[in-house]
Amino acid sequence: MNPITWNGSKPNHFVAIGRLCIDLNANEINRPMEETVTFTKYVGGSPANICIGMSRLGLRTGFIGKVANDQMGRFITGYLDREGIDRTGVSVDRTGAVTGLAFTEIKSPTDCSILMYRDNAADLLLESTEVPEDVIAQSQMLLISGTALAKSPSREAVFQALEYAKRHGVVIAFDLDYRPYTWTSDEETAAYYNLAAEKCDILLGTREEFDMMERFVHNPDRDDRVTAARWFDHSAQIVIIKHGKEGSIAYTKDGDSHRARSYPAQVVKTFGAGDSYAAGFLYGLMQGWTISDSMAFGSAAASIVISSHSCSDAMPTVEQVHDYIERCNRGEIVAN
């Protein structure tokens, strides 16, 4: 059963708010960063990747954020334009802030890491006055991302977006996207994550991210059902807790749980899996599919992206996901 209902009278399907940055993915595979010489540039940032993923799946999408007034910022806005993403809500910083950079290291298909440059990043300077109410009001779903809560004024901008979404009956999804290097303390992190999560209909995160949110909560056994039940006392209808290779579990307010089907992949790198999974899963929900079918679609989309060098550029179309599932079912794709 799919517990989410959508307001089909709204002209746009999806809008995201938060981080827009640059991914610089290592071209030299299977070697450490110290020995890596060349990188390929892509648009990055979890909410940006999810928004791009939704657009590739054929939905009408928009983004709210801030980019630097530099070549990297213009690269990002040009990419959004080419992807057909409405950037009415994307403003340009005028204070000299820079575009965040993420250098990726690909030592092996399972040993990957990210080196972040986030000092004075433009995306964290988004003001609440720069959040357009009409863009949110005209969308069926708003996605927020945890990193945008890490600093002011971006933090207040997210809460302004949440207020607009509540006011206009917009479904809210929260991609926890916890990046510890952005935050001052664990207590600060937990406090703001919890305040935002109380307003959201769909929560998606890893077991470790929910552990961080439960810093003030008694759950010594890290019990997924205890975690999910807590949010059903607020706005949540679906809580997805991801357990890496063990897969993910979706809990619903009626007490049911659903496990995701996994698909094999020729893994190049591990990052990007969560973003493509979120795009595929949320797309499925918006089509009125069951939670299990939506999770399977998201899992297949994730397998496609981790089999590719990029994240944003590799986000698949609906046809590509269905083709991938069929090829897996025929045994044509096996894990490396």
Side-chain angles (χ1 to χ4, degrees), residues 3-20 45-48 50-51 54 59-67 85-93 121-179 182-183 188-205 209 213 216 230-239 253 278 282 285-286:
I4 305 294
T5 57
W6 310 93
N7 185 344
S9 66
K10 294 178 180 294
N12 298 319
H13 295 108
F14 178 88
V15 63
I17 184 171
R19 189 166 87 257
L20 290 162
S46 290
I50 295 170
C51 190
M54 296 291 262
L59 299 188
R60 294 183 297 277
T61 63
F63 202 90
I64 300 169
K66 179 168 275 190
V67 296
I85 297 170
D86 175 23
R87 59 180 180 92
T88 302
V90 177
S91 55
V92 179
D93 173 77
D123 60 90
L124 289 172
L125 297 180
L126 179 69
E127 302 272 356
S128 58
T129 54
E130 295 171 318
V131 177
E133 181 174 1
D134 60 333
V135 170
I136 295 173
Q138 293 170 12
S139 300
Q140 297 177 34
M141 178 190 291
L142 167 71
L143 176 109
I144 68 168
S145 176
T147 303
L149 294 168
K151 302 285 184 185
S152 294
S154 173
R155 175 183 295 161
E156 290 79 9
V158 172
F159 281 103
Q160 183 66 75
L162 289 171
E163 169 61 25
Y164 289 151
K166 285 292 190 183
R167 183 181 302 173
H168 295 284
V170 178
V171 173
I172 305 169
F174 187 2
D175 172 38
L176 300 189
D177 187 33
Y178 172 53
R179 312 284 175 165
T182 314
W183 291 85
E188 176 195 47
T189 309
Y192 284 105
Y193 263 81
N194 281 295
L195 286 171
E198 289 176 0
K199 302 176 183 296
C200 299
D201 304 288
I202 304 167
L203 305 180
L204 305 98
E209 287 172 326
M213 293 175 67
F216 306 123
R230 175 170 175 243
W231 298 111
F232 296 141
D233 290 335
H234 297 282
S235 298
Q237 298 293 318
I238 302 173
V239 177
K253 197 168 186 176
L282 294 174
L285 290 185
M286 297 196 80

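Although no hydrogens or angles enter the test, the distance criterion places no donor-acceptor pair under 3.5 Å between the side chain of Lys253 and the main chain of Ile238. Using modelled atom types, no side-chain atom of Thr61 and backbone atom of Met54 make a donor-acceptor pair closer than 3.5 Å. Side chain of Ser154 to backbone of Ala148: a donor-acceptor contact under 3.5 angstrom is found. No donor-acceptor distance shorter than 3.5 angstrom exists from the side chain of Ser139 to the backbone of Asn12, with no hydrogens or angles considered.
Across all non-hydrogen atoms, the minimal contact from Glu188 to Ala150 is OE2-O, 4.4 Å. Smallest separation of non-hydrogen atoms from Gln140 and Gly8: NE2-CA, 4.1 Å. The heavy-atom pair separating Gly205 from Glu209 by the smallest distance is CA-OE1, 3.2 Å. A pairwise comparison of heavy atoms in Pro132 and Gly89 identifies CG-CA, 3.8 Å as the closest pair. Shortest non-hydrogen contact noted between Leu149 and Ala196 is CD1-CB, 3.8 Å.
The pair Glu127-Lys66 fails the salt-bridge criterion, with no side-chain N (NZ, NE, NH1 or NH2) lying under 4.0 Å from an Asp/Glu carboxylate O. A salt bridge does not link Arg60 with Asp86: every distance from a Lys NZ or Arg NE/NH1/NH2 to an Asp or Glu carboxylate oxygen is 4.0 Å or more.
Ile17 places none of its side-chain heavy atoms less than 4.5 Å from the side chain of Phe63.
Taking the six-membered ring where the residue is Trp, Trp183 and Tyr193 present tilted rings, their angle falling between 30° and 60°.
Inspection of the Ser46 and Asp177 side chains reveals an N or O donor paired with an N or O acceptor under 3.5 Å. Donor-acceptor pairing under 3.5 Å is lacking for the side chains of His168 and Gln138.
Under the side chain to side chain contact (heavy atoms under 4.5 Å, CB included) test applied with Val171, the options Leu143, Asn7, Ile202, Thr5 reduce to a single match, Ile202.
Around the NZ atom of Lys10, the shell of radius 6.0 Å holds more than 12 heavy atoms that belong to other residues, nucleotides or ligands.
A cation-pi contact, defined as under 6.0 Å to the ring centre and within 45° of the axis, links Arg155 to Tyr192.
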